[in-house]
Participant: 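If you scroll down you'll find the structure; I have some questions about it.
What you see is a predicted model; the values in this text were computed from it and never measured.
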Number of protein chains: 2
Amino acid sequence: MTIQLAVDIVIFSLLDTSLRVLLIKRGIPPFKGRMAIPGGFVHHNESLERAALRELKEETGVHDVFLEQLYSFGEPRRDPRGRVVSVAYYALIPGDRKLKAGSDAAVAGWFPVNKLPPLAFDHRRIVAYARERLRNKLEYTSVGFQLLPRKFSLPELQAVYETILDKDLDKRNFRKKMDLLGILKPLNEWRSTGRKPARLYTFVGKGFEQFKDKGILFPF
Amino acid sequence: MTIQLAVDIVIFSLLDTSLRVLLIKRGIPPFKGRMAIPGGFVHHNESLERAALRELKEETGVHDVFLEQLYSFGEPRRDPRGRVVSVAYYALIPGDRKLKAGSDAAVAGWFPVNKLPPLAFDHRRIVAYARERLRNKLEYTSVGFQLLPRKFSLPELQAVYETILDKDLDKRNFRKKMDLLGILKPLNEWRSTGRKPARLYTFVGKGFEQFKDKGILFPF
DNA sequence: ACAAAAGTGTTCGATATACACCCATGT
DNA sequence: ACATGGGTGTATATCGAACACTTTTGT
């Protein structure tokens, strides 16, 4: 008869230049056998963010990644078990991070966000909301760098933007913009994966908030 | 021992060209006698938004105003009574709306957001968060119009922007921008409050979402 | 007549956009 | 040698920022 509180996490990563979401397969009713985003109930002495971090770690083994509260979903009938309000978070994991394999037996894998299977509860809506937030934030913050390893090439960075914004960007304009922003430090390292080696950079923005003032960062 | 779920609402209005927040005086512990933003527990069969609307109506008598979910605050010790997670909303009320007087005995009044008294719980933080969100949204959405009556003059509209952004704007650039956006319909009415009468306009934007695509709307 | 607020255009600088060729490497 | 993807500059259009005077009304 009481309201229960859960957290659910949309975990994004970039694999094979496609934006993906980590899904698990539910082993118990309701929606047994359906795919779902990871989540669970909030413990009594745990903040919402800690609960989200706990779930994130349980499913992926990582703990030091971008995590942000998304929205709280509280329609009375969203969970057939009873009244469950879910505080949704989303996380960004660099594509090169090796996750602990089978960290949780329930992990089903990484699904392209454009081709999701049927999901349990209102999880489709939650993922859609997260995707929208990610797209928006990409344009005026530095979230894009959260999906890349510490060292990355400009073509890789551009691919992140193109994938999330779902449109092609002009190479020269992209580089000019990055140059103008002054948030990339060129390294004396080159990645020779493919043909001509690409120079590597690191992100040197001093954080997130700094960018807000500047207005839109990436209005391609 | 269970987690309780509440909604709290930051209700903004614009009075005497100052941005204000509706506060109530708490009649019972904890924080008895302290000021607080309106709020209350979510009923069992009520969505989060409905709970917020209910609180809004109880305190102000209005129900047809802008209301948006803000963030969920869930630190374990934010409420001394026990574990209470609060889903915060914010609402915008046109400055000319007459609220039902003494609608709730607890209503204390409209306080300038820059000069708030000590608040109960973590309400100061919630208000700060709402203020920040309002400032940001003002720049790329049409929230500004939610604080004005249906008919308004351009100087009034500009005052909304100046108040919330807390900086002076150039009259000519402001009008040029509004003109360019094409979201104002001039009326054949003038408001003669003061010296030279000001022409009245209405907002004719077809909604909110429409603007997102256009990117930033008001980067003064 | 004077004070107060409404209304009106132009110039300049910054930034977004469009666009094509050469270079370094692996095969 | 050639195919593949990395790397580079310029010209134009759009938009934001700065800036001063005239008009209308109430007193």
Side-chain angles (χ1 to χ4, degrees), chain A residues 16-17 136 138-140 144 148-149 151-163 165-202 211-220, chain B residues 16-17 135-136 138-140 144 148 151-163 165-202 211-220:
Chain A
D16 309 324
T17 63
N136 288 333
L138 190 70
E139 304 202 359
Y140 60 95
L148 287 173
K151 302 177 180 181
F152 54 86
S153 68
L154 276 170
E156 284 166 349
L157 182 60
Q158 186 174 342
V160 171
Y161 279 83
E162 291 181 326
T163 303
L165 297 179
D166 197 27
K167 65 177 169 191
D168 292 343
L169 302 175
D170 182 275
K171 223 193 316 187
R172 284 168 289 188
N173 293 340
F174 184 83
R175 296 167 103 94
K176 198 191 314 169
K177 179 78 184 178
M178 287 297 158
D179 192 40
L180 197 79
L181 289 170
I183 54 179
L184 297 185
K185 186 166 76 177
L187 305 174
N188 284 325
E189 299 179 54
W190 281 262
R191 186 179 326 254
S192 25
T193 167
R195 306 302 176 147
K196 179 174 178 179
R199 180 161 209 159
L200 298 184
Y201 295 79
T202 44
F211 296 104
K212 281 189 171 173
D213 305 335
K214 294 200 186 180
I216 275 198
L217 279 195
F218 306 107
F220 297 108
Chain B
D16 310 325
T17 63
R135 199 199 317 269
N136 288 333
L138 191 69
E139 304 202 359
Y140 61 95
L148 286 174
K151 301 177 179 182
F152 52 87
S153 69
L154 276 170
E156 283 165 351
L157 183 60
Q158 185 174 342
V160 171
Y161 279 82
E162 290 181 328
T163 304
L165 298 178
D166 199 25
K167 66 177 166 191
D168 291 343
L169 303 176
D170 182 275
K171 221 191 321 184
R172 283 168 290 189
N173 293 339
F174 184 83
R175 297 167 103 96
K176 199 189 316 167
K177 179 80 185 176
M178 286 297 156
D179 193 40
L180 197 80
L181 290 170
I183 54 178
L184 296 185
K185 184 165 77 177
L187 304 173
N188 283 325
E189 298 179 55
W190 281 261
R191 176 161 308 170
S192 24
T193 167
R195 305 303 176 148
K196 180 175 177 179
R199 180 160 208 159
L200 298 185
Y201 295 79
T202 43
F211 296 104
K212 282 189 171 173
D213 305 334
K214 295 201 187 177
I216 276 197
L217 280 195
F218 306 107
F220 297 107

Participant: Take atom CG of B:Leu180 and atom C1' of D:dC15, then tell me their distance rounded to the nearest Å.
Facilitator: 9 Å

Participant: For the residue pair A:Phe152 and A:Leu184, establish whether any side-chain heavy-atom pair is separated by less than 4.5 Å.
Facilitator: yes

Participant: Does any part of the side chain of B:Tyr161, heavy atoms only, come nearer than 4.5 Å to the side chain of B:Met178, both counted from C-beta?
Facilitator: yes

Participant: Please report the distance, rounded to the nearest Å, between CZ in B:Phe174 and C1' in C:dG9.
Facilitator: 18 Å

Participant: Take atom CZ of B:Arg175 and atom C1' of D:dG16, then tell me their distance rounded to the nearest Å.
Facilitator: 18 Å

Participant: From the list C:dG7, D:dG6, C:dC19, which nucleotide is the closest neighbour of the side chain of A:Ala198?
Facilitator: D:dG6

Participant: Side chain of B:Lys176 only, please: which of C:dG9, D:dG9, C:dG7 is the nearest?
Facilitator: C:dG9

Participant: Quick one: on DNA chain C, does B:Arg172 or B:Ser153 contact a more 5' nucleotide (nearest heavy atom)?
Facilitator: B:Ser153

Participant: Are the side chains of B:Leu165 and B:Glu139 in touch, meaning some heavy atoms are under 4.5 Å apart?
Facilitator: yes

Participant: What distance do A:Lys151 atom NZ and A:Glu156 atom CD have between them, rounded to the nearest 0.5 Å?
Facilitator: 12.5 Å

Participant: Quick one: A:Trp190 CH2 to C:dC23 P, roughly how many Å, whole number?
Facilitator: 18 Å

Participant: Specify the separation, in whole Å, of atom CG of A:Asp170 and atom P of C:dC21.
Facilitator: 15 Å

Participant: Distance check: side-chain N/O of B:Arg199 vs OP1/OP2 of C:dA6, anything under 4.0 Å?
Facilitator: no

Participant: Please examine the side chains of B:Leu187 and B:Arg199, heavy atoms only from C-beta on, and report whether any two atoms are closer than 4.5 Å.
Facilitator: no

Participant: At what distance, to the nearest 0.5 angstrom, does CZ of A:Arg175 lie from CG of A:Leu169?
Facilitator: 12.5 Å

Participant: Can you measure from CG (B:Leu180) to CG (B:Asn173) and round to the nearest 0.5 angstrom?
Facilitator: 11.5 Å

Participant: Starting at atom CG of B:Asn173, determine the distance to atom P of C:dG9, rounded to an integer number of angstrom.
Facilitator: 14 Å

Participant: Within this structure, what is the NZ-to-P distance between B:Lys167 and D:dG16, rounded to whole angstrom?
Facilitator: 12 Å

Participant: Confirm from the modelled atom types if B:Lys171 and C:dG7 form a donor-acceptor pair under 3.5 Å, side chain to base only.
Facilitator: yes

Participant: What's the CG-P distance between A:Asp168 and C:dC19, to the nearest Å?
Facilitator: 14 Å

Participant: Dump the pairs, protein N or O against N or O of nucleotides 24-27 of chain C, anything under 3.5 Å, distances to one decimal.
Facilitator:
{"unit_1": "C:dG26", "atom_1": "N3", "unit_2": "A:Arg195", "atom_2": "NH1", "d": "3.3"}

